[in-house]
Amino acid sequence: MAIELTLSIIKPDAVLKNHIGDILSRFERQGLRIVAAKLTRLSRWQVEKIYGIHEGRPFYQDLLQFMTSGPVMLVALEGENAVAKNREIIGNTDPRLASPGTIRADFGTAANRNAVHGSDSLESACYELGCLFEPGEIYS
Ligand code: CMP
């Protein structure tokens with residue numbers, strides 16, 4: 001299996017509720033390595049770059065507003081099959097449909113307040129990491 005890099009964003013709802021540590025420890029316990037992390041507040045422009053694919057969908061404006069509403073933690077994760085593993089650890093987009101024990105089931109409350117983002121493919125991961133980190137910030 002290939003060693004991959006992927007992105008997680010701990011969203012403003014989870015940061016506000018003091019869940020950063022709990023969420024990071026789940027990635028580590030389940031075999032992913034944290035190779036970069038920063039607490040920051042995203043600009044509208046940055047959020048549009050990451051979520052532009054959803055432009056025009058009914059939830060898009062709320063997504064932009066929510067993701068710029070407070071600090072987020074940007075996390076680069078490394079490991080075998082990291083893209084798929086991250087998606088497995090975080091669970092379904094809608095926390096009400098997410099499997100028990102996943103991050104979204106435990107820390108999210110609704111599809112638009114689902115605690116974390118995870119890149120959905122290796123291509124998205126490369127693009128999103130490139131938008132949010134300088135190459136020298138990732139200790140791969
Ligand atoms: P995320 O994995 O960050 O990627 C896109 C986000 O859009 C998603 O998580 C949700 O927070 C949000 N989203 C996707 N589908 C819906 C939906 N049906 N209703 C509200 N928000 C959604």
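Whatever order the structure lists ligands and atoms in, that order sets their numbers, starting from 1.
Under 4.0 angstrom from ligand 1, there are no non-hydrogen atoms of Arg113. Residue-level proximity to ligand 1 for Lys11 is carried by the side chain, the only part with a heavy atom below 4.0 angstrom. Contact annotation: for Arg87 versus ligand 1, there are no heavy atoms closer than 4.0 Å. At a heavy-atom distance under 4.0 Å, only side-chain atoms of Leu63, from C-beta outward, approach ligand 1.
Ranking protein heavy atoms by distance to atom 14 (C) of ligand 1, first place goes to Phe59 CZ, 3.6 Å. Here the heavy atom of the protein found nearest to atom 10 (C) of ligand 1 is Ala111 O, 3.1 Å. For atom 3 (O) of ligand 1, the closest non-hydrogen atom of the protein is Tyr51 OH, 2.6 Å. Scanning the protein heavy atoms around atom 2 (O) of ligand 1, the nearest turns out to be Arg104 NH2, 2.9 Å.
With no hydrogens or angles considered, no side-chain donor-acceptor pair links Ser99 and Thr102 at under 3.5 Å.
The two atoms that bring Pro12 and Val72 nearest to each other are CD-CG1, 3.5 Å, heavy atoms only. Closest non-hydrogen pair, Val15 versus Met73, comes out as CG2-N, 4.1 Å. Between Glu137 and Ala36, the shortest heavy-atom contact is O-CB, 3.3 Å.
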Evaluation steps, ring-ring contact (aromatic ring centres under 6.0 Å, His included), between His19 and Phe107: CA-CA 8 Å; His19 292 316; Phe107 302 116; 4.4 Å; yes
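Ring geometry, Tyr51 versus His117: the interplanar angle exceeds 60°, so the pair is classed perpendicular (tilted spans 30 to 60°).
Residue-ligand proximity, His54 to ligand 1, at heavy-atom distances under 4.0 Å covers atoms 5 (C). Numbered from 1 in the order shown, with element, the atoms of ligand 1 that lie under 4.0 Å from a heavy atom of His117 read 1 (P), 2 (O), 3 (O), 4 (O).
Proximity of a side-chain donor or acceptor of Glu4 to a complementary backbone N or O of Val83 within less than 3.5 Å is detected.
Distances from atom 9 (O) of ligand 1 to the heavy atoms of Asn112, Ile90, Val116, Asn114 show the closest one on Asn114.
Between Asp94 and Arg96, at least one side-chain nitrogen of the basic residue sits less than 4.0 Å from a carboxylate oxygen of the acidic one, meeting the salt-bridge criterion.
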